[in-house]
Amino acid sequence: MALRYWLFKSEPGAYSYDDLANDGTAEWDGVRNYQARNLLRDDIKKGDGVLFYHSSTTNLAVIGTARVERSGYPDFTAWGTASEHPDSKSTPANPIWYMVDIRAEQRFPNPVSREAMKAASELGSMVLLKKGRLSVQPVTESEWQKICRMGGLT
DNA sequence: GCCAACGTTGGC
DNA sequence: GCCAACGTTGGC
């Protein structure tokens with residue numbers, strides 16, 4: 001099974017690439033959107049590449065890469081009332097929401113801004129630019145390579 | 001802070 | 001099952 005590529009959005013005020021780099025590995029919990037859930041549950045596999053994008057900030061950009069450490073498993077943060085994003089309809093017996101674990105990999109020497117992505121003709125069909133609200137989204141291999149090159153990785 | 005896009009909810 | 005109302009996201 002070939003590796004695939006994804007883009008995860010995060011508000012840096014809530015959880016930044018620095019936070020991920022400090023933590024090493026993070027549980028990508030709290031996604032409460034069915035399209036994104038389906039990707040987390042069915043398609044995002046250990047070893048896949050992740051572009052880490054900062055949203056809702058003055059510096060909209062892909063900051064670096066991460067690697068999927070654990071394929072989809074039930075998002076248990078939906079269960080307890082102590083959770084930051086509870087969903088009483090989701091239970092251990094019938095989980096609704098899923099998450100993966102990711103690990104920080106390489107920070108881009110030059111973060112790739114949204115402006116730069118919009119200006120790059122090869123990136124014109126990126127989901128990020130077409131359907132911006134999806135918080136977990138697929139990226140093609142050529143988009144991955146282009147963005148890594150723009151970011152300054154060899 | 002505004003507003004467009006779009007996902008979800010709920011009445012019928 | 002349709003669709004209007006509503007809420008949220010996120011770029012600007």
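The analysis underlying the following values was restricted to heavy atoms, covering all of them including side chains, and did not include hydrogens, waters or symmetry mates. This structure is a prediction, so every number in the text was calculated from the model and none was measured. Proteins come first, then strands; the chains are lettered A, B, ... in the order of their sequence lines, and each starts at number 1.
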Determine the minimum heavy-atom distance between L39(A) and P138(A), stating which atoms define it. CD1-CD, 4.1 Å
Tell me whether D18(A) is salt-bridged to R107(A), with the criterion being a basic N under 4.0 Å from an acidic carboxylate O. yes
Using whole Å, report how far NZ of K9(A) lies from C1' of dG10(C). 7 Å
Rounded distance (Å) that lies between atom C1' of dT8(B) and atom CG of N38(A): 15 Å
Provide, to the nearest angstrom, the distance between the CD atom belonging to E11(A) and the P atom belonging to dT9(C). 8 Å
Length of the line joining L134(A):CG and dG7(B):C1', which is rounded to integer Å: 11 Å
When rounded to whole Å, the CD to C1' distance for the pair Q35(A) and dC6(B) reads 10 Å
Cationic N near anionic O, under 4.0 Å, R32(A) to D75(A): yes
Whole-Å distance between dG11(C) C1' and K131(A) NZ? 17 Å
Integer-rounded Å distance: dT9(C) C1' and L128(A) CG: 13 Å
Is E115(A) salt-bridged to K118(A), cutoff N-O under 4.0 Å? yes
For a side-chain contact (heavy atoms from CB on, under 4.5 Å) check, start with the C-alpha distance between L40(A) and W97(A), then their side-chain angles and the critical distance, and finish with the verdict. CA-CA 9 Å; L40(A) 291 167; W97(A) 305 111; over 6 Å; no
Under 3.5 Å, which protein N or O atoms sit close to an N or O of nucleotides 2-5 of chain B? Give each pair with its distance.
from, atom 1, to, atom 2, distance (Å)
dA5(B), N3, R133(A), NH1, 3.1

Can you list, in residue-number order, the parts of residues 55-65 of chain A that come under 4.0 Å of DNA chain B, counting heavy atoms only? none
